[in-house]
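Letters A, B, ... mirror the listed sequences (proteins, then strands); counts begin at 1. These figures come from a predicted structure and were not determined experimentally.
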There are 2 protein chains.
Amino acid sequence: MVTIADVARHAGVAASTVSYVLSGKRTISTDTRERVQRSVHALGYRPNASARALASQRSNVLALVIPLRTGMHVPVMMQFATAVVTTARRFDHDVLLLTADEGPDGLERVAQSSLVDALVVMDVELHDERVPVLRELPMPSVLIGYPDDADGLTCIDLDFVAAGAHCVDHLADLGHRSLALLGTPSAVYERQTGFAQRTLTGFVEAAERRGVLGVETPCEHTFDAILHTVEQLLSDHPDITGLVVQNEPIIGPLLDVLRRLGRRVPEDMSLVAICADDVAERQVPQLSSVSIPAERIGDQAVESLITKLEGGDVPGLTLVPPTLTARGSTCPHVDLTTA
Amino acid sequence: MVTIADVARHAGVAASTVSYVLSGKRTISTDTRERVQRSVHALGYRPNASARALASQRSNVLALVIPLRTGMHVPVMMQFATAVVTTARRFDHDVLLLTADEGPDGLERVAQSSLVDALVVMDVELHDERVPVLRELPMPSVLIGYPDDADGLTCIDLDFVAAGAHCVDHLADLGHRSLALLGTPSAVYERQTGFAQRTLTGFVEAAERRGVLGVETPCEHTFDAILHTVEQLLSDHPDITGLVVQNEPIIGPLLDVLRRLGRRVPEDMSLVAICADDVAERQVPQLSSVSIPAERIGDQAVESLITKLEGGDVPGLTLVPPTLTARGSTCPHVDLTTA
DNA sequence: GTGAAAGCGCTAACAT
DNA sequence: ATGTTAGCGCTTTCAC
């Protein structure tokens, strides 16, 4: 292994000079700088990460805590993780992957041991036991999603309230008067994950504001559950012509179910999904949807973290505005009673 | 920050004694050990990771290199990553996440700087430019998938040749005489990713061995492409009654296409998929499938790596045997010409 | 503009 | 069974 001392010797300078050439924290004469750079190249020198971290009190590593439960929003999570890594690299940082099942202790472990300089925590629940830990940690963190009490934290999330409302507005604009939200499995609501709750809030409020019927039901992932849920829904509320779906894995089967029940999309039933764009585009017909801008959120999270590491200020809560893309699964409602 | 010196002072011993209590590399009297452990607890001591790494020449971090292109086998990759992290933690290691777009340089960077002790590289192609780099790196690595020239490397993969053959055997056993393999998009074959090629090999060889027709076609992900591909296939080979699908995202739409073409599954067309179990189980009918044991492969990869780190020997190539689960999408072929 | 030297917090010989 | 000490390779004062 080639060390900084080897480079210094090769270039005929002191080790500290090599260090300063590399960090740029001191003005160096063009002559020495080039000589050092040549030596660095010639010897193939790579600074030792641990030595650097030990001396500088900075590991240049960020922790990314991802939920372990699979099946939730897997493709979105991947996009997100990819964005975090890519952006971290832009700022010369690496990413340590933690699964949420290590719990609060895991955060403490990597933080207290100075393995990482800062943390990105995904899938934050309304009453998340990691939140108090994060507050006490001697390093910055950014949460994706936000807890009930977000005081003193930095949180970034899609504005799910607005997302729910957008779906209602889109359908109401098209003349639909009776809408239903087909949500995540009830376990997700019970876990009090913020996003499901907040979408529901936006949906209900917007329905009220627009004066349309807005009913809501959770939905499990099995085909039978979907079939039963939809049948029940349509028998309880036969007037429903607009469906909002926030439950990525059921989207495919749901289209089957509607077909099987004799409801054409969009002629008999308009459908808006809250899901990744590529999922929406893969369906037949392509779905009108509010997409999850995972990449944008990931970028934002890392940028905020870097800002905080450099002593800068960032907003406590950043809500990324949702955008709705109209595709083939929604169309104007034809009111048969007045037509 | 509380250091090992603080703990030593608190317990009235030398710093090295604290170190040895923590590592267990020396026999310590019960008395001192307990005293030290109490001090560790009392002060909330956490060894500094960089200092430890610098002194011991071991970071206790593994690199996990995941493909950046999304949409391929995202859920499988997630399972895999999760398994790697979980198993790494069992061996007291952490996982640094790298995206494949850093290329060979990325591997060199984290290895040469001693950021990591070893690497797991996913999605290895037949002629992978990272392979020569890995060979020269001063640390162990494990590849998921395997390149053309696997000499001196440690590779783990599902036995895709056997997977392709299993599908043929299953269908041939049910009396089907004309089979087709609906493969990945042609770009995947062109990239020379091993798994697609090898499945094809197993499929073709088994078809020959069993004396049945075995044709093959790549398939893109759009609905129109699927429709067109299947129509073409059935018009070229009207006798086909058995389909093997290795292309996870098209599975849902494919069932639609068959329905639209008036082929019932399994009565008119038996279908075997090579995909994750949960995907197979979510379809209607549930699909007979060869699953990708991502968790098992991830475990295996980390275990091999740890063995190598400890100086142990591991096989150059580990092929995980595939298992076929028969579900509702395959049934015996009724030969109308002889019946 | 550059060098010398003192740590950063830990591990692992080398002592006893 | 435990203590002493010399690094690990780098950053960053302090000194000139």
Side-chain angles (χ1 to χ4, degrees), chain A residues 1-37 39-40 43-61 92 109-117 138-139, chain B residues 1-37 39-40 43-61 92 109-117 138-139:
Chain A
M1 161 175 263
V2 27
T3 73
I4 200 171
D6 298 327
V7 177
R9 204 170 309 122
H10 187 272
V13 298
S16 56
T17 301
V18 177
S19 175
Y20 284 119
V21 167
L22 261 36
S23 70
K25 291 188 178 174
R26 207 189 225 186
T27 43
I28 303 277
S29 72
T30 317
D31 181 50
T32 12
R33 183 165 359 100
E34 288 178 348
R35 203 144 31 84
V36 168
Q37 281 163 346
S39 299
V40 165
L43 301 182
Y45 169 67
R46 300 267 191 177
N48 179 296
S50 324
R52 175 172 274 190
L54 179 57
S56 66
Q57 314 272 38
R58 268 293 208 311
S59 67
N60 273 32
V61 175
D92 199 33
R109 183 175 64 78
V110 298
Q112 310 278 27
S113 65
S114 296
L115 230 192
V116 304
D117 294 334
M139 62 181 59
Chain B
M1 163 176 261
V2 28
T3 74
I4 200 172
D6 298 327
V7 177
R9 204 170 309 122
H10 187 274
V13 298
S16 58
T17 301
V18 177
S19 175
Y20 284 120
V21 167
L22 261 36
S23 71
K25 291 187 179 176
R26 206 189 227 187
T27 43
I28 303 277
S29 71
T30 317
D31 181 49
T32 0
R33 184 165 0 100
E34 287 178 350
R35 203 144 30 84
V36 169
Q37 281 162 344
S39 299
V40 166
L43 302 182
Y45 169 66
R46 300 266 191 177
N48 179 296
S50 325
R52 175 174 275 188
L54 180 57
S56 66
Q57 315 273 36
R58 269 294 207 321
S59 67
N60 272 32
V61 175
D92 199 32
R109 183 175 65 77
V110 297
Q112 310 278 28
S113 65
S114 296
L115 231 191
V116 304
D117 294 334
M139 62 180 59

[Y] and [X], any side-chain heavy atoms less than 4.5 Å apart:
| X | Y | result |
| --- | --- | --- |
| B:Ile4 | B:Leu22 | no |
| B:Val7 | B:Val2 | yes |
| A:Pro138 | B:Met1 | no |
| A:Val13 | A:Val18 | yes |

Round to the nearest Å and state the distance from [X] atom [atom1] to [N] atom [atom2].
| X | N | atom1 | atom2 | answer |
| --- | --- | --- | --- | --- |
| A:Asp31 | C:dG1 | CG | P | 13 Å |
| B:Asn60 | C:dG9 | CG | C1' | 16 Å |
| A:Asn48 | C:dC8 | CG | P | 18 Å |

Cut-off 3.5 Å, no hydrogens considered: what does the side-chain donor-acceptor table look like for residues 44-54 of chain A, sequence neighbours left out?
unit_1  : atom_1 : unit_2  : atom_2 : d
A:Asn48 : OD1    : A:Ser50 : N      : 2.8
A:Asn48 : OD1    : A:Ala51 : N      : 3.0

### Query
Which pairs count as side chain to side chain donor-acceptor pair (under 3.5 Å) when at least one residue sits in residues 20-34 of chain B, sequence neighbours excluded?
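Non-adjacent pairs meeting side chain to side chain donor-acceptor pair (under 3.5 Å): B:Ser29-B:Thr32.
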### Query
Considering heavy-atom distances to DNA chain D, does B:Gly12 or B:Leu54 have its closest nucleotide positioned more toward the 5' end?
B:Gly12
### Query
Considering residues at least two apart in sequence or located in another chain, which fulfil the side-chain hydrogen bond (donor to acceptor under 3.5 Å, both in side chains) criterion with A:Ser59?
A:Asp117
### Task
Please identify each residue that fulfils side-chain hydrogen bond (donor to acceptor under 3.5 Å, both in side chains) with B:Ser39, with sequence neighbours left out.
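B:Ser39 satisfies side-chain hydrogen bond (donor to acceptor under 3.5 Å, both in side chains) with B:His10 once adjacent residues are dropped.
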### Query
If you walk 5' to 3' along DNA chain D, what is the first nucleotide with an atom under 4.0 Å of a heavy atom in chain B, and what is the last?
D:dA1 to D:dG9
### Message
What's A:Thr32 touching, base or sugar-phosphate or nothing? Going by heavy atoms closer than 4.0 Å.
### Response
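The answer is sugar-phosphate, as A:Thr32 gets under 4.0 Å only of primed atoms, P, OP1 or OP2.
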### Message
Return a single string for nucleotides 11-16 of chain C, one symbol per nucleotide in 5' to 3' order, where B is base contact, S is sugar-phosphate-only contact and - is none, cutoff 4.0 angstrom on heavy atoms.
### Response
SBBB--
### Query
Tell me, which pairs form a salt bridge (Lys or Arg N to Asp or Glu O under 4.0 Å) where one or both residues lie in residues 8-24 of chain B, sequence neighbours left out?
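Listed once each, the pairs are B:Asp6-B:Arg9.
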### Query
Between the two ends of the helix from C:dG1-D:dC16 to C:dT16-D:dA1, what is the bend in degrees, rounded to 10 degrees, where each end axis spans five pairs?
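The angle, to the nearest 10 degrees, is 40°.
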### Task
Using side chain to side chain contact (heavy atoms under 4.5 Å, CB included) as the criterion, list what pairs up with B:Ala111, not counting sequence neighbours.
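Partners of B:Ala111 under the side chain to side chain contact (heavy atoms under 4.5 Å, CB included) test: B:Leu137, B:Met139.
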